[in-house]
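Working notes, structure below.
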Amino acid sequence: IDNSSKEIFDLSRIVDYFVRFEKNYGLGKAYNYAMKMALSLHEDWLLLLDQDSKVIDITEMLTILKHIPKDTCCISINKSHSSIIKMLNSQFFLGTGTVNSGLIVRVDSKLHWNEDLFVDQTDVEFIVRNVIKLKLGNLLIYHKDLIQHRIGEGEREIRRFLSKII
């Protein structure tokens, strides 16, 4: 889901589905739209990334999804930007917070984002409400980063990429 980026290269060639909003409605609305779409397509998991993130190892990410406990609401592959409680096993920590970028969310109609909040508030509120208050499942943190997430770098990275093409 593209929230009406000003500069964007043609993602439609490398993704299964590309939806572009005519204006920026905020992260909550984009994430909720993606969840509804994933539900209609009978997907099991939804990966959230933003313009500041690059996936490091897609193969490892797909492998971990095969071994997720049933009581899991979401998995962060962005350990560097997560709050950890304790180690569960050699692969996962139990977490209390993370940013949305690098979050793999179980596709579930009960899970949704507050559309009235702005950027970082969306991250915190989603975990607090769905994981901590409603207890819809655990937040697991993978033992290492599988994405590079440089907050605020997305726009500069896109500009560098585009300037090399032009």
Side-chain angles (χ1 to χ4, degrees), residues 1-21 24 26-39 41-69 72-84 87-108 111 113 119-120 122-124 126-127 130-131 137-165:
I1 309 294
D2 174 39
N3 246 344
S4 186
S5 300
K6 289 184 175 48
E7 295 180 28
I8 193 151
F9 50 93
D10 188 8
L11 291 176
S12 62
R13 293 180 289 126
I14 59 173
V15 297
D16 293 329
Y17 302 97
F18 183 80
V19 176
R20 184 175 184 142
F21 290 161
N24 187 343
L27 293 174
K29 186 170 185 88
Y31 294 154
N32 286 331
Y33 187 92
M35 179 63 79
K36 287 177 189 166
M37 192 171 174
L39 281 163
L41 294 167
H42 307 288
E43 297 292 345
D44 295 320
W45 297 98
L46 174 65
L47 171 63
L48 305 177
L49 295 171
D50 62 25
Q51 76 280 3
D52 304 312
S53 301
K54 290 181 186 177
V55 175
I56 298 170
D57 191 337
I58 191 80
T59 304
E60 188 170 354
M61 183 188 73
L62 294 173
T63 302
I64 66 172
L65 291 176
K66 295 176 185 172
H67 308 287
I68 301 300
T72 303
C73 172
C74 27
I75 306 124
S76 176
I77 57 171
N78 191 353
K79 181 178 176 249
S80 296
H81 293 92
S82 299
S83 301
I84 294 170
M87 187 99 181
L88 290 179
N89 56 44
S90 63
Q91 299 294 309
F92 295 102
F93 295 94
L94 185 62
T96 58
T98 191
V99 295
N100 282 326
S101 191
L103 190 64
I104 304 170
V105 182
R106 183 185 61 214
V107 175
D108 185 330
L111 298 172
W113 288 263
V119 188
D120 296 337
T122 305
D123 302 359
V124 173
F126 175 81
I127 296 299
N130 292 295
V131 175
N138 290 324
L139 166 63
L140 300 185
I141 312 295
Y142 194 57
H143 70 98
K144 65 180 184 178
D145 287 331
L146 294 180
I147 67 166
Q148 290 177 340
H149 185 215
R150 299 177 305 178
I151 297 172
E153 290 293 316
E155 186 175 327
R156 278 183 265 168
E157 193 67 29
I158 289 172
R159 287 178 191 269
R160 271 186 244 135
F161 175 76
L162 291 174
S163 66
K164 289 178 186 173
I165 294 173

Go through the steps to decide whether Asp44 and Val107 satisfy the test side-chain contact (heavy atoms from CB on, under 4.5 Å), and finish with yes or no.
CA-CA 5 Å; Asp44 295 320; Val107 175; 5.8 Å; no
Can you check side-chain contact (heavy atoms from CB on, under 4.5 Å) on Leu65 and Ile75, steps first, answer last?
CA-CA 9 Å; Leu65 291 176; Ile75 306 124; 4.0 Å; yes
Check the pair Phe93, His143 against side-chain contact (heavy atoms from CB on, under 4.5 Å), reporting the backbone distance first and the verdict last.
CA-CA 7 Å; Phe93 295 94; His143 70 98; 4.2 Å; yes
Go through the steps to decide whether Tyr31 and Phe126 satisfy the test ring pair (Phe, Tyr, Trp, His ring centres under 6.0 Å), and finish with yes or no.
CA-CA 11 Å; Tyr31 294 154; Phe126 175 81; 8.2 Å; no
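Heavy-atom minimum distance, His67 versus Thr63: CD2-O, 3.3 Å. Annotation for Val131 and Cys73: closest pair CG2-SG, 4.0 Å, computed over non-hydrogen atoms. Scanning all heavy atoms of the two residues, the minimum distance from Met37 to Tyr17 falls at CE-CB, 3.3 Å. Of all non-hydrogen atoms in Arg106 and Met35, the two that sit nearest each other are O-CE, 3.5 Å. Between Ile127 and Gly97, the shortest heavy-atom distance links the atoms CG2-CA, 4.2 Å. The two residues Val55 and Ile58 have their closest heavy-atom pair at CG1-N, 3.8 Å.
To the nearest 0.5 angstrom, Ile104 atom CD1 is 9.0 Å from Leu49 atom CG. With rounding to the nearest 0.5 Å, the separation of NZ in Lys144 from CD1 in Ile56 is 8.5 Å. With values rounded to the nearest 0.5 angstrom, Asp50 atom CG is found 7.5 Å from Ile147 atom CD1. Considering CD1 of Ile64 and OG1 of Thr59, their distance stands at 12.0 Å, rounded to 0.5 Å. Between the CG atom in Leu111 and the CG atom in Leu46 there is a gap of 10.0 Å [rounded to 0.5 Å]. The distance from atom CD1 of Ile141 to atom CD1 of Ile77, rounded to the nearest 0.5 Å, is 11.0 Å.
Side-chain N or O atoms of Asn32 include one that pairs as donor or acceptor with a backbone N or O of Trp113 at under 3.5 Å. The main-chain N or O of Gln91 is found under 3.5 Å from a side-chain atom of Asn89 such that the two form a donor-acceptor pair. Without hydrogens or angle criteria, Ser83 side chain to Thr96 main chain gives no donor-acceptor distance under 3.5 Å.
For Ser82, the side chain to side chain donor-acceptor pair (under 3.5 Å) criterion is met by Ser76, Thr98, not counting sequence neighbours. For Asn78, the side chain to side chain donor-acceptor pair (under 3.5 Å) test picks out His81, His149, with sequence neighbours left out. In this view, Ser80 and Asp145 satisfy the side chain to side chain donor-acceptor pair (under 3.5 Å) rule, not counting sequence neighbours.
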